Structures are given as structure tokens and as C-alpha cells.
Number of protein chains: 2
Amino acid sequence: MARKPTATKRSPRLDSAAWIEAALEALADGGLEAVRVEPLAKALAVTKGSFYWHFADRRALIDAMLTSWSDGRIAAIRQQSGGAGTPDMRLRHLAELYTRHANMRGLAIELSIRALARSDARAADAVRAVDSERLKQVAQLFGALGWTASDAQARAVLFYSYLFGESLLDAKAVTVRARETAIRALLAPP
Amino acid sequence: MARKPTATKRSPRLDSAAWIEAALEALADGGLEAVRVEPLAKALAVTKGSFYWHFADRRALIDAMLTSWSDGRIAAIRQQSGGAGTPDMRLRHLAELYTRHANMRGLAIELSIRALARSDARAADAVRAVDSERLKQVAQLFGALGWTASDAQARAVLFYSYLFGESLLDAKAVTVRARETAIRALLAPP
DNA sequence: ACCTGAACACCGTTCAAGT
DNA sequence: ACCTGAACACCGTTCAAGT
């Protein structure tokens, strides 16, 4: 693939993607309240005035962040649920991705966005798009395990409800035993 | 019970409880970001300066809100999980409380607090206290259904994980059928 | 005991001017 | 094409003064 001529950095100047990345970082660290123009500008070592070259206002940054998150999650789930292995193995792999500590940043972002979605229509749209794709992919895997379409859909909801719910509880309350009980019940054959 | 002499309002002046109630209302409607001194003062029809008679700063209000929420939830769970009926009936009743639309406000508040708990130690404490009491009460009910202490604890985690998780998903994705599948599996006898 | 009103700092937003 | 710097508005915070 040919390298674009602009791929080599000609200056330390930013593009909008850099602001979105910094915004997601702030969201993970301190919630929506931490996604603020001046602190982000400070982190990126520019004046806050330069922010308004890339975005109309703070709200536009939040919307861009939501789109970026939504697109990224949808691409990820397609990649994660495909690939090699039996449906059972793939579901176990997905369950691990959602409960591992390595994914703390992702879960923090997701939780903040889902909290925002309760009062914000655009966030609700982003969540709906991501959920729809996730449930579709996971329902397919349950279908491959032998469940009817309707049962597979119900199991997919159960699967994600449990994984998200677990991430909401105090981490110490969730023992390895509890998780094993859950995963075994979730993946029990028809 | 004797009525306290101060129970009759002598003036339209506020106490800290009124600020906390307004703060919880704002939290439910617009998340933590909406819990701000000046808008709250406007809603309560006082100047923002008066806020600082009741609280040291915005953070103190948030802390008071967390304590109020935590105390209220712990009192509620004790009341809800006690009472008449078989353990099975009580668990079904609890499950309904967490999935009914009438509880939207409570769920919105809970979600915002759990999102905050990811980056805030005091919010994490409040969540821990509430979870601990909820899991304890629900584990007792599962114990009464015949599960061992360890299984009952695991089931309690499963129970709340599912209910919280469901509240995170897009409401339309959760069919009556999916919920019935879940509840039946959760409450299956040993 | 609770509130007002004025003051100040911080951050969102605008915009003319720079490179 | 992207950024600075100054300006202004909004809101958190302080505090002397009112009732």
C-alpha cells in the first residue's frame, strides 16, 4: 500500500483524531465531567483556542467521541466473534474479554457512555448501534450451538447482561466460583 | 410518635436535605455534570451563595448525596427482601423492582454513581456498602431455597449482575422472553 | 440560622491576527 | 491549514453584610 505523502509529520500540529483520543482518555480516567476543553488543551500542549479549529464546541467533541467509540466497538466485535474455534470457545473468549482487568479502560469508557445514554439521545443511538451488532453476533454463536433463533437471541441478551452487570458490581464481590457458575449456565447446551 | 416542634415550616428557608434531594434529581436527569451549584440554586429559588452555608463546596454536596443514596438503598433492600412470601416469591419481586419502568429514576441514579465509582474512592465505598448488603440479603434467600452458602453467594452475584446488566442494554433489545429465560434459570431449584 | 450580593477565578466560546 | 492571545460569559467559591 502506497504511503500517503502527508503521513510523515510535517509539524507538531494536531488533527481532530488527537483530540478525540485525548477525550476518550479523559473519559476513562474521570468520566464525562473530565472531558473539558481547557484541560485537554493543556494535555495536548496547545491553547484552548485551537480546539475550535477542529470542533464547533465541546458538544461536537463528545459527539465525535461517541461516533469513534461506536465504530470501534462494532469493528472489534466483528473481529472478535469471527475467527477460528468452536462457537463455545469463541463465546468463552468473548466472556473473558469483558471480565479481564486488562480491559478496565474500555469498561470505564463504556460505563460512562451508557450512563450518558440515559439522558442523551446521541449517546443512546451509539449504544443502540453497538448493542445491536453485539447481540447479533453472539446470537449467531448461540444459534450455532443448537438454540432456536428466538432462544439464541434470549441467550445473547443474558450473556451480555451478565457480563455488563458483573462489571458494575464491586470487583471483590465477584468470585472466580461465581463467574464459573455463570459461564457454565450461560453456555449450557440446549 | 411526638411531632417535633420544628416540623412545621417557619420559613421558606432550606436545609441541607433539600439541596441533596435537588442534587439527586439533577443526577437522575442529567448525570453528575448536571449536579452544579448555580443551576441547583436557581431550581431552589435561592442565590448560589446560600449553598455555601450548607456545604463546604460542590464536592461536599456530592459526598452527602452518596451517603444519602447509600443509606437509602441499604434501608430499602432490608425492607424489600424481608416480609411475607416464599423465598422464590421474594426474589421474583426483587427482580421486578429492578426491571420495571417505574424505577427509571433509581436506575439512572445508580448508573451514574457506579460510573463515578470507577474513578472516585468515596463513590466506590458507597457502591461497595450497598452491594455488600444486597448480596448478603439475596444470598440468604438463595440459601433458603436450598443452595449451599457458597452456591447461594454465587447465585446472588449472578442475580444482580443480570439485573444491572439488563438495565445497561438498550431497553428494546430485552424481550419479555429473554427476561423470562433469565429469571427461570436464575431461580431454578438446586 | 440562613440568605443576599458583590467580588474573583476558572473554563467554554469567539474571533482577529499570526505562521 | 492550524494555532495564538485577548476578550467575554458562565459558574464555583469567598465573604461581609443583612434578617
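Chain A is the first sequence line, chain B the second, and so forth, proteins listed ahead of strands; every chain is numbered from 1. FYI, side chains are in, hydrogens and waters are out, and symmetry mates aren't considered; it's all heavy atoms of this structure. The structure presented is a predicted model; accordingly, all values stated were derived computationally and were not measured.
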Within the side chain of Arg105(B), is there an N or O that forms a donor-acceptor pair under 3.5 Å with the backbone of Ala28(B)? no

Smallest heavy-atom separation, Arg90(A) atom then Leu141(A) atom, equals NH1-CD2, 3.9 Å

Stems in DNA chain D, runs of 3 or more consecutive Watson-Crick or G-U wobble pairs with both distances under 3.5 Å, sorted by first number, are C:4-8 with D:12-16, C:12-16 with D:4-8

Quiz item: Taking C-beta and beyond as the side chain, do Leu186(A) and Leu158(A) meet within less than 4.5 Å on heavy atoms?
Solution: yes

- Item | Main-chain N/O of Tyr98(B) paired to Asn103(B) side chain as donor or acceptor, under 3.5 Å | no

*Phosphate contact (dA1(D) OP1 or OP2) by His54(A) side-chain N/O below 4.0 Å*: no

Per-nucleotide protein contact along nucleotides 4-16 of chain C, 5' to 3', at a 4.0 Å heavy-atom cut-off (B base, S sugar-phosphate only, - neither), is BB-----BBBB--

Original post:
Within the side chain of Ser167(A), is there an N or O that forms a donor-acceptor pair under 3.5 Å with the backbone of Phe164(A)?
Top reply: yes

Original post:
Does Arg122(B) CZ have over 12 foreign heavy atoms under 6.0 Å away?
Top reply: no

Quick one: does any side-chain atom of Ser68(B) pair with a main-chain N or O of Ala64(B) as donor and acceptor, under 3.5 Å? no

From CZ of Arg13(B) across to P of dC3(C) the rounded distance in Å is 6 Å

The residue among Phe51(A), Trp53(A), Tyr52(A) that forms ring pair (Phe, Tyr, Trp, His ring centres under 6.0 Å) with Trp19(A) is Phe51(A)

What residues 16-32 of chain A contributes to the DNA chain C interface at heavy-atom separation below 4.0 Å is none

Side-chain heavy atoms of Ile113(B) within contact of Leu27(B), under 4.5 Å = yes

Flag the pair Arg128(B) and Asp131(B) as a salt bridge only when some basic side-chain nitrogen lies within less than 4.0 angstrom of an acidic carboxylate oxygen.
no

